[in-house]
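Order of appearance sets the numbers: ligands from 1, and atoms from 1 within every ligand.
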Amino acid sequence: MKVFKFGGASVNSADAVRNMAQIVQTHLESDPLVVVVSAMGKTTNLLEKLVPGCAGNAPAHELRHQLEDYHRDIAAALIPGDDDVQQKIGTLLNSLDTLCATLPPDAEHYNYNYDQVVSHGELLSTTIIAHYLNHLGINTQWIDARQVIVTDHHHREGRVDWEATHAECNLFNDLTEGHQVALTQGFIAATSNMKTTTLGREGSDYSAAILAYCLGAESVTIWKDVPGFLNADPKFFPDTVKINQIPYDEAIELAYYGASVIHPKTVKPLQNLGIPLFIRSFLSPESEGSVIGNFRTISPETPLYIFRNDQILLSIYPRDYSFIAEDNLQVIFGLLSEIGIRVNLMQNSALSFSICVDNNKQLVGRLVEGLKNMFLVRYNENLQLVTIRFYTQQVIDRIVAGRRILLEQRSRTTEQLVVPLEQ
Ligand code: ASP
Ligand code: MG
């Protein structure tokens, strides 16, 4: 059994869905192909905008219309004159309206509400695509991921209950019997008492990995709009190199440093069972792409660059002239963990502790507030954190190019630099 994952960009229009269906068609095998799909295009962003105002109300008129028209138009272009699919879209949108009216409006339920609303993106996309594949004669079973992937109650960042999910995968096998494609949603899951949860933004890759692990799949393929795993994000870097083979551990390191090509949690479950992860281009499906697997080194060997923009560097000094030692660090880390701030880089001296974090104003504000009694906090904003794996002095010089280095850390394999963001 193989698992394919298609992200929002690969299904953002009727033409994109036709292309995706074509890829599916050319990869049908005797075992059903498990296909995991995200919400269409930027639907998740749109639904995110709906959340704040909709609890206890009707969804905002304009956004609700956009959502409806976008999906109805794609469905109508794919299967002209099909009432059935239009009716199903209507049912999902009606259930969204009813849901909003009954959601608790208090702030404390925000994350719960978010999951209930935002999950409709994947429900809509898979409903339309399942119809379309069946319409093409590909025998497709639509599966509700919420009946298969079980998480705890941590809304917006559900933590997988592996044992329960493994057990539910039996249902998956029963349902898919006799079908060519088992089509399900990425990103969404449910608690053991069937409350919808989500796995974090861009979490559909992770969904594909969870299913592959629990079903003991032969491989996972993520179809993307880039030719494979590149040594830098082409949006920020003019001359990228495609990495053909990446060891699992290296892929995990890169995702951790912020490589955006795969969701960070995706690789571990696959590594545990030795399931290869292919990254291929839906724009050029005949090209080979990249593979993450049991390799010793990356190939070709070349420096890899990860840029994290909009960073803030906080330097934290104890007010009582004590040293930075375990007790002070305990207070600082306690707050970071309580507020949910991830540290991208840290460094300490006797008198200060510096951390580089994403500049989320609200969270950083809470941190500074929490620290201010015991510590003096200084900060620099508008920074970029650059990570270079397998660096050479030459590439470091090229990246720094006269910029002031605020913090630098170097290991045998990795150089990290905090520098002012280039304008
Ligand atoms: N639709 C979700 C998002 O946009 C999940 C995903 O695309 O992976 O974040
Ligand atoms: Mg997406």
* At under 4.0 Å between heavy atoms, which part of Ser38 makes contact with ligand 1: side chain, backbone, both or neither? -> side chain
* Structure fact -> Quick note on ligand 1: atoms under 4.0 Å from a heavy atom of Arg201 include exactly 3 (C), 4 (O), 9 (O)
* Which atoms of ligand 1 have any heavy atom of Ser204 under 4.0 Å away? -> 5 (C), 6 (C), 7 (O), 8 (O)
* **His263 to ligand 1, any heavy atom closer than 4.0 Å** => no
* Asked: Can any side-chain N or O of Asp152 pair as donor or acceptor with the backbone N or O of Arg159 at less than 3.5 Å?
  -> yes
* Hey, which atoms in ligand 1 end up nearer than 4.0 Å to a heavy atom of Thr44? -> 1 (N), 2 (C), 3 (C), 4 (O)
* **His27 NE2: over 12 foreign heavy atoms closer than 6.0 Å** => yes
* Is there a donor-acceptor contact under 3.5 Å from the side chain of Tyr248 to the main chain of Ile275? -> yes
* **Residue-ligand contact Gly203/ligand 1, heavy atom below 4.0 Å** => yes
* To do: Check Ala232 against Thr240 and note the closest heavy-atom contact, atom names and distance.
  => O-CG2, 3.3 Å
* Got a salt bridge between Glu288 and Arg280, using NZ or NE/NH1/NH2 to carboxylate O under 4.0 Å? -> no
